Amino acid sequence: MHIKTLLLFTCVPLGLTVPQLAAAQQAPATDDRGEDAATPEAMTPRRDVVVTAVARGRDRLDTAVSTSQLLASDIDKIAPRSVAEIFRNIPGIRSESSGGEGNANLSIRGLPMATGGGKYLQLQEDGLPLVEYGDLVFGNADIFLRADLGVASIASVRGGSASTFASNSPGGVINLISKTGETEGGAVQLLTGLDYGEHRLDLDYGGRLGDGWRVHVGGFVREGEGPRRIGYEGNRGGQIKLNLTKEFDGGYVRLYGKALDDRTVSYMPNPVRVTGSDADPRYESLPGFDIGHDALSSRYALRNVTLDGANRRGVHDLRDGMHPVVDAIGLEAQATLAGWTVVDRFRFTSITGRFIANFPAAIGAASDIAAALGGDGATLRYATGAQPGQIIARPDQLGGGNGLLVENIVFDAKINSFGSLFNDLRASRVDPIGRGELTSTLGFYRSRQDVHTDWLWTSDLLELRGRGTAAMIDLYDAQGVPVTQEGFYGYSASFFGDCCRRRHRVDYHTNAPFGSLNYKLGRVSIGGSLRYDVGDAAGLIYGSDLGGGRSKLIARDMNGDDAIAAAEQRVAALPLRSPAPVFYGWHYLSYSTGINWRVAEPFALFARYSRGGRTNSDRLLFGPGLDVGTGALTNRRAAVDRVEQVEGGLKYRRDGARLDLTGFWARTGEQNAQITTPGSFIDRVYRAHGVEAEGALTGKVFSLTAGATFTDSRIAIDQIDPSTVGHVPRRQARFIFQTTPELTLGPIELGANVVGTTSSFAQDVNELKLPGFTTASAFATYHLTERVQLSLNSNNAFDVLGFTESENATIPANGIVRARSVNGRTTSLALRLLL
């Protein structure tokens, strides 16, 4: 197959491009012939010019790819509380924006979402990845990404062509493009939450310094409880970004840096009451716990006592939440050499921090859990809260009257390093051939990605109570002997079968040569691109999950009282003397061919076929695909998930009207592991087809943008559980949509951002449904003067309940489901001064 493909590539000029993956102001604009129409540094982001993921900037109607762009003004109107909420406004993207400011689950055009993160969709910042793998456990790419006033635009490329644009991105690429000082000025903005805890200061400024130099600097600081009531300051920190550019004839050199140190709450699935049937469920909040405004976080449950990665006792603060500490430095250069436009992008990033959050393993009546864990006659006492040590005479009154206890797992992960090094070198040129022109691109990509983490999970008992006031609970048996210690049932993942005490010290290396040819003759462009990824993984992993006589539990005095209590006999320790090696490699070819016909000035048709792949990373390490004796793969197929895609459609643009319509088909082979269901592994083939639409109407008074995606996705083959064949993959809705109508009335702008989804199945068994829902976020901006504006934004203005995931496949006997919902209504007021 590879030989045939290479011959086809050699004999016929196929494919559109290999990506520039550059900022809009960093790539050449072109006229209809593909020739430079302006210097790259003079460009302002334009919706009708493609500059991300193409070899040279090109009119959208002359490209055989599906692209979208959101400008900074669009982002302001969305009123996002996270970057995932921005991504909901890109057609084809399934963005579950319910995890807080990070930890979102992302997918595209029916590609599966078997685990967390964005496995087939790569998030980038200025043309390079945040991390090489978007589904790193406790390292989803959006955790390390923040949108602020320094963002010029967000560009996306969707579909199979992305498999040759960048490594590990067969579904698509979303690129956050930074301002670089091409326009003099900036802004300072003060934002405060009117009905939630948020205080934020944003600042950006850029401009020219003379003699070809220009600079941009921007960032933010913030503090507050966040969109949900958790009882403490959960969001605090900030970011600063700086870039300095020197222009010269035919190119530029840019040095840039970023520092991010930000703590945000991770909203895990929370308890919700579900009545009715699996097929027709009704979701409602439990007494004392509002599913849209509360979270399983509390000012009375802030300590996690555990053994660290060196098996030393430590106390970790749950207020750290998702705590990325990112320091990045990069260099970007463009020059013209012997008729070739050469661009090199380099970035070194240090990423450390922590991910810590409460995850409900089970919820039940306090009396039932007490009897199950402590036996008949067991009693409960408050371990923390307003009355620590007090006996709970009426367990049915816990949680403000709901009488519920949570068997809680503290997901505590130390991020020792998710650091990376990326370099992308490419050269492009345009040559006249006959009556047309041939655009050629050659390049080489190299990366190193660290995965150095310690998983330090524990188990405790927590009452279910909202407003951040839940107390940890102690349990005593009938003889008064404590079963727990200061609320901890075990210093291990006791409620998950003592699994998952792990340490990763693995490095991943990727090398990828690539090339593309595109021939444009009159109104027709035909082309193709190739990318060949070669990589390896090397390192050590430690964990009781690995077997081979590795210890699971030890006894350890965790509170220093020289005695071993029951909970202290359930202490998980890492088997530091018996690691397992990781040592394997992979290689795969990605290719894409496409044709575009510009039928008329405002109208074009295109078609494309692609095959790509995506390397599995840390989710492969503790599963059956790895031989823990040799570090090699037991099944080499497990190293790479392959995606085959066909797409075609039309594009129309005239007089303020725009319409893109794309049909797509995809086949995905996947192997993976699901950590919230320990021991659950996936080996499947999925198929999906559907239609994606995006359009806009732009006028002086009224404007409208809209997008919608219809998807029919099925499990075609399941090697582990054949009963799922023919089922719809979990959380895959048939129809998602987004629209933003806007009125401009002199100095006043009014509008709303409406996002909706039809129902989906919670899990692959296709029993419990997640109901469809629609949220509307309203915005109003008043320009007091040319330089001062006041904005009011209400996210989820009608306080709609909307559920994006459920850990339960069916309604349990007690009717309590663990589900993750979108945030309830949050309203903010912002004052912006243009500089």
Side-chain angles (χ1 to χ4, degrees), residues 96 99-100 102-107 112-123 129-145 168 266-269 306 309 316 320-324 351-359 361 409-420 449-458 493 496 499-508 537 539-546 572 574 580 582 614-626 638-639 641 670-682 805 807 820:
E96 297 181 356
N103 200 33
N105 299 321
L106 305 169
S107 190
M113 193 182 286
T115 58
K119 182 172 184 178
Y120 300 99
L121 183 69
Q122 188 177 96
L123 302 187
L130 274 301
V131 288
E132 187 66 75
Y133 309 104
D135 65 340
L136 293 174
V137 185
F138 303 120
N140 294 2
D142 66 322
I143 293 175
F144 314 110
L145 184 63
N168 300 303
S266 177
Y267 303 129
M268 289 293 180
T306 186
H316 303 149
D320 277 346
M322 294 180 286
H323 182 198
I351 298 178
T352 60
R354 185 176 298 280
F355 184 111
I356 187 167
N358 290 324
F359 180 90
I409 300 286
V410 180
F411 279 173
D412 186 348
K414 173 73 180 303
I415 302 173
N416 296 292
S417 177
F418 278 149
S420 60
Q449 176 67 61
D450 298 341
V451 179
H452 299 178
T453 56
D454 299 331
W455 294 12
L456 312 171
W457 303 2
T458 60
F496 272 179
C499 79
C500 307
R501 177 66 51 141
R502 298 176 180 177
R503 173 180 251 201
H504 306 76
R505 295 293 185 273
V506 184
D507 299 326
Y508 296 83
L540 297 172
I541 54 175
Y542 308 74
S544 56
D545 311 60
L546 294 172
L574 285 164
V582 176
R614 196 275 186 191
T615 306
N616 283 316
S617 55
D618 60 337
R619 293 181 184 270
L620 185 68
L621 298 181
F622 285 81
L626 184 72
D641 292 337
E670 177 174 63
Q671 294 197 19
N672 220 324
Q674 174 57 268
I675 68 162
T676 55
T677 310
S680 174
F681 301 100
I682 295 165
E805 67 176 87
E807 295 300 314
R820 204 156 73 166

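All values derive from a computational prediction rather than experimental measurement. Computed over heavy atoms, backbone and side chain alike; hydrogens, waters and symmetry mates excluded.
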Item to complete: Under the side-chain hydrogen bond (donor to acceptor under 3.5 Å, both in side chains) rule, collect the residues that match up with Ser420, sequence neighbours excluded.
Response: none
Item to complete: Please work out whether the ring planes of Phe411 and Trp457 are parallel, tilted or perpendicular, with thresholds of 30° and 60°.
Response: tilted
Discussion item. Please report the interatomic distance NZ(Lys414) to CD1(Ile356), rounded to the nearest 0.5 Å.
Written reply: 12.0 Å
Worksheet item: In Å, rounded to the nearest 0.5 Å, how long is the span from CG of Asp135 to CG of Leu106?
Response: 11.0 Å
Practice prompt. Enter the distance from Leu123:CG to Ile143:CD1 here, rounded to the nearest 0.5 Å.
Written response: 11.0 Å
Discussion item. Applying side-chain contact (heavy atoms from CB on, under 4.5 Å) to Arg820 and Asn103, what does each step give before you reach the verdict?
Written reply: CA-CA 12 Å; Arg820 204 156 73 166; Asn103 200 33; 3.6 Å; yes
Worksheet item: Any sub-3.5 Å donor-acceptor pair from Asn672's side-chain atoms to Ile682's backbone N or O?
Response: no
Worksheet entry | side-chain hydrogen bond (donor to acceptor under 3.5 Å, both in side chains) involving Thr453 - partner list, sequence neighbours excluded | His504
Fill in: Smallest separation among heavy atoms of Arg614 and Gly134, with atom names
NH2-N, 3.6 Å
Worksheet item: Does the side chain of Glu132 reach to within under 4.5 Å of the side chain of Gln122, using non-hydrogen atoms?
Response: yes
Worksheet item: Has the side chain of Gln671 got a donor or acceptor atom that lies under 3.5 Å from a matching backbone atom of Ala639?
Response: no
Fill in: Within-4.5 Å side-chain heavy-atom neighbours: Tyr508 and Thr615
no
Worksheet item: Are any of the side-chain heavy atoms of Asp412 and Thr458 separated by less than 4.5 Å?
Response: no
Discussion item. Looking at every heavy atom in both Phe144 and Gly139, which two are closest together, and how far apart are they?
Written reply: CE1-O, 3.5 Å
Item to complete: With sequence neighbours left out, write down each residue that passes side-chain hydrogen bond (donor to acceptor under 3.5 Å, both in side chains) with Asn616, or none if nothing qualifies.
Response: Lys119, Asp641
Item to complete: Considering non-hydrogen atoms only, spot the tightest contact between Pro269 and Glu805 and give its length.
Response: CG-OE2, 3.9 Å
Worksheet item: Is Asn105 reaching over with its side chain to a backbone N or O of Gly117, donor-acceptor style, under 3.5 angstrom?
Response: yes
Practice prompt. Can you sort out the partners of Asp454 under salt bridge (charged side-chain N to carboxylate O under 4.0 Å, His left out), two or more places apart, ordered by chain and number?
Written response: Arg503, Arg505
Discussion item. Could you work out, with salt bridge (charged side-chain N to carboxylate O under 4.0 Å, His left out) as the rule, every residue matching Asp142, not counting sequence neighbours?
Written reply: none
Discussion item. Tell me the closest heavy-atom pair linking Leu621 and Ile541, and the distance in Å.
Written reply: O-CD1, 3.6 Å
Discussion item. Quick one, Gln449 and Val131 - any side-chain contact, counting heavy atoms below 4.5 Å?
Written reply: yes
Discussion item. Nearest 0.5 angstrom please: Phe138 CZ to Ile415 CD1, how far?
Written reply: 9.5 Å
Response to the item:
On a heavy-atom basis, the closest approach of Ala114 and Glu670 is CB-OE1, 3.2 Å
Discussion item. Please report the interatomic distance CZ(Phe418) to CZ(Phe355), rounded to the nearest 0.5 Å.
Written reply: 10.5 Å
Fill in: Val451 and Asp507, any side-chain heavy atoms less than 4.5 Å apart
no
Discussion item. Quick one, Phe359 and Phe496 - any side-chain contact, counting heavy atoms below 4.5 Å?
Written reply: yes
Worksheet item: Atom CG of Asn416 and atom CD1 of Ile351: how far apart are they, to the nearest 0.5 Å?
Response: 13.0 Å
Worksheet item: Any side-chain heavy atom of Cys500 within less than 4.5 Å of one from Asp545?
Response: yes
Item to complete: Using side-chain hydrogen bond (donor to acceptor under 3.5 Å, both in side chains) as the criterion, list what pairs up with Thr306, not counting sequence neighbours.
Response: Arg501
Practice prompt. Taking only Lys NZ, Arg NE, NH1 and NH2, and the carboxylate oxygens of Asp or Glu, determine whether Asp618 and Arg502 approach each other closer than 4.0 Å.
Written response: no
Worksheet item: Just wondering, do Met113 and Glu96 contact through their side chains at under 4.5 Å, heavy atoms?
Response: yes
Practice prompt. Could you give me the CA-CA distance, side-chain angles and deciding distance for Arg619 and Val137, then say whether side-chain contact (heavy atoms from CB on, under 4.5 Å) is met?
Written response: CA-CA 7 Å; Arg619 293 181 184 270; Val137 185; 3.7 Å; yes
Worksheet item: What are the two closest heavy atoms between Ala413 and Trp455, and how far apart are they?
Response: CB-CD1, 4.3 Å
Discussion item. Quick one: does any side-chain atom of Asn140 pair with a main-chain N or O of Gly116 as donor and acceptor, under 3.5 Å?
Written reply: no
